[in-house]
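Heads up, the thing below is written out as structure tokens.
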Amino acid sequence: MENKQQNKKQTLLFQQWKKNKDHVLLTNDFGGRIELSGKLFNELCDNPDNIPQQFFDNGFVSEMLDFGKLGLSWLNTHCNVCLSPTLHILVMTARCNMQCLYCQAGAPGRKKDMSLDMSLETAKKCVDFAFKTPSPVLNFEFQGGEPLLNWNVLSETVKYIRQKESESDKDVSISLISNFILMDEEKANFLLQNEVSICSSLDGPENVHKKNRHSENDISYNIVCKWLKYFNQKYDSQLGKAYKIFRPGAIITVTKNSIGHAKEIIDEYVSAGLESLYMRPVSQIGYAAVNWNSIGISPAEYISLYKEAINYVLTLNKKGVSIIEKACQIFCEKIFNVGSGGNYDLDSPCGAGTGQIAYNYDGNIYTCDEARMLAMEGDDLFRIGNVNDPVEKVLTADAVRACKYASELNSQPLCSRCAYKPYCGICPVFNYATQGSLFGNMATNFRCAVNKGQIDFIFELIKDKENEEILKKWIQR
Amino acid sequence: MDSEIEKNKKIFFSFDIYSEEALNLAAYIFEDRIKFSSSKKDNGAEFVFDNYSENDIRDFVNEALNQQCRIDLATVTGPLTRFIVTKALISGMGEGKNE
Ligand code: SF4
Ligand code: SF4
């Protein structure tokens, strides 16, 4: 909306706004944010005579824009427009020794199919390819299936990465996502000595974890807890070591089985010695879509569980327990710090092919891991090339360009005027898999409903000063 | 919950509101989901849906509207989107600042 006051030539730029009860939230693409009463909003719309100073300071008055400052803020919030791929996901194998309800990798027909393992030759080509991309920062992430099933190739690839790193001026980090079933002391030592950070999946207390994540003799829960504690102890006792040890992490996939267990999930993380948790709802794509009746969760159910979880985390924080939730941390980083939050899925455009790329076990390259998962279901739409292709060809492939256009929020009817646009991102792979087109339709989009619910809740929370202070501390970590 | 399956519902989309492009895009997205045929009539297009549920029809009409809004919006924000996407692609190739 534009309110023109002709004689003073001052135009209020209300790019995006949202009414929350009796308040109105105004935001702009430079990270500017003002919350004002509905009454004041209406007065300003009708007669913008006395524009408060904060409108000038935050880029809401068109004749008083400090383009240098606002341009920098815009760049901070849109890190993907100035990146080349930093995250390189290597799928060591498409096999798994578990059979989770939301993942196809453990399907019985493929458990012993060694042709689904990445060869060392392909793994080295993936690493060479990553080193040829222009980014000075590379993060290699080993994934699967279960990557430890292909341990020899994995360990040799780690050595190869470290050797290439020593010959280049790139800043390299390595991480592993594993279910820990095959973890042992020797593997753990190798990973620690090579500064590989470790992440696993812990879906909550034993009864919830067991329902989602099936393993032979139901050993998964105990094993995950055991190794998270082990890596935590190593992290705590690293003083004097020649190498850096990272605190282990874990992610939760929230399904129908999680409903009613929000507090227990948090307690589980605290008792495992973890200081952060990352909650995400199960996505109705790939194998999870097949099992949707038994694990599916609606946006409203997810948000209700999420609110209970975050309220509980804040209560624990107030009692001195150190724990944060990452999705909330990312949104808070965007809201308070006008930063990017460091999450490629919540950027506009998203990081497909420019922030991250995923290498499948066979050397085919995809815009991101979700795209690679879709390929495992037989749909290669987001394939951008192969490790044998020239880097330039892969990084400008049609699918990269299509993802950029589809996830640029100014081209989306509802997003372009949404007050949460500066904090939000959409996923072309998810849109395509659930709504039939890369652009999707935000009016009925699951992820839009979840993001909106989470951001609504954060704005509700920060009306309380104590909550706001705690959440601001989360982003300093 | 899916509503009951019915047969032969006709819906008329006026070209005063919906462009042919928007209707084609919506039809393309729904071609695997609902059976329908379409023909031009007066100043618009008539879609005849076969074996449909009310939910399907609602989603189809919603999608046609979504596509039309996207096309209209592109006339306003298209240049900005193209600028941002081009910058992102150029940076992806290494021409720009990495952080
Ligand atoms: S996805 Fe939804 S919440 Fe996010 S910017 Fe778009 S309309 Fe707003
Ligand atoms: S397509 Fe989706 S999963 Fe892939 S980078 Fe973009 S937002 Fe993330």
Side-chain angles (χ1 to χ4, degrees), chain A residues 29 74-76 78-86 132-137 170-171 340 342 347-355 357 391-392 394-397 400-417 431-432 435-445, chain B residues 1-3 17-19 21-36 52-99:
Chain A
D29 289 350
W74 187 89
L75 274 178
N76 278 342
H78 292 74
C79 75
N80 271 321
V81 300
C82 35
L83 277 182
S84 47
T86 52
K132 274 189 251 161
T133 60
S135 174
V137 178
K170 296 203 191 253
D171 182 1
S340 79
D347 269 339
S348 164
C350 79
T354 51
I357 48 182
V391 169
E392 308 74 52
V394 173
L395 297 187
T396 52
V400 177
R401 279 184 283 174
C403 283
K404 297 291 120 189
Y405 273 105
S407 61
E408 207 288 302
L409 296 184
N410 291 300
S411 69
Q412 284 281 351
L414 287 179
C415 306
S416 68
R417 288 282 167 159
N431 294 344
Y432 170 73
Q435 297 190 304
S437 86
L438 273 67
F439 286 87
N441 181 351
M442 292 312 117
T444 53
N445 189 279
Chain B
M1 194 173 64
D2 271 354
S3 47
I17 299 170
Y18 300 92
S19 62
E21 189 188 355
L23 294 173
N24 283 339
L25 287 166
Y28 179 72
I29 291 168
F30 274 74
E31 69 176 0
D32 294 335
R33 190 166 143 191
I34 335 179
K35 266 196 163 177
F36 55 82
Y52 67 92
S53 75
E54 270 307 321
N55 284 352
D56 289 336
I57 302 278
R58 221 178 17 231
D59 288 350
F60 181 89
V61 176
N62 201 347
E63 186 57 46
L65 196 58
N66 181 43
Q67 293 298 342
Q68 188 56 52
C69 289
R70 254 186 1 91
I71 291 164
D72 293 345
L73 184 66
T75 60
V76 182
T77 61
L80 177 61
T81 294
R82 278 194 293 281
F83 172 77
I84 293 172
V85 168
T86 305
K87 170 78 181 99
L89 289 166
I90 290 173
S91 299
M93 295 288 300
E95 304 284 322
K97 187 164 68 88
N98 269 289
E99 285 158 337

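Computation of the quantities below employed the complete heavy-atom set of this structure, encompassing side-chain atoms and omitting hydrogens, waters and symmetry-equivalent molecules. Naming convention: chains lettered A, B, ... in sequence-line order (proteins, then strands); numbering from 1 in each chain.
For the atom pair OG1 of B/T86 and CZ of A/R401, the computed distance is 10.0 Å after rounding to the nearest 0.5 Å. Interatomic distance, B/D59 CG to A/T444 OG1, rounded to the nearest 0.5 Å: 6.0 Å. Separating the OG1 atom in A/T133 from the CE atom in B/M93 is a distance of 10.5 Å, to the nearest 0.5 Å.
Using a 4.5 Å cut-off on side-chain heavy atoms (C-beta onward), B/K87 and A/C82 make contact.
For A/S411, the parts lying near chain B are the backbone and the side chain together; criterion is any non-hydrogen pair under 4.5 Å.
Closest heavy-atom contact between B/S91 and A/S84: O-CB, 3.5 Å. Of all heavy-atom pairs spanning A/T354 and B/G92, the tightest one is CG2-CA, 4.3 Å. Scanning all heavy atoms of the two residues, the minimum distance from A/S437 to B/I29 falls at CB-CD1, 3.4 Å.
Shown here are the ring-ring contact (aromatic ring centres under 6.0 Å, His included) partners of A/Y432, two or more places apart in sequence or in another chain: A/F382.
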Distance-only donor-acceptor hits, side chain of residues 71-84 of chain B, under 3.5 Å, sequence neighbours excluded:
unit_1, atom_1, unit_2, atom_2, d
B/D72, OD1, B/Q68, NE2, 3.0
B/T75, OG1, B/D72, O, 2.6
B/T77, OG1, A/N410, O, 2.8
B/T77, OG1, B/L73, O, 3.2
B/T81, OG1, A/E408, OE1, 2.7
B/T81, OG1, B/T77, O, 3.4

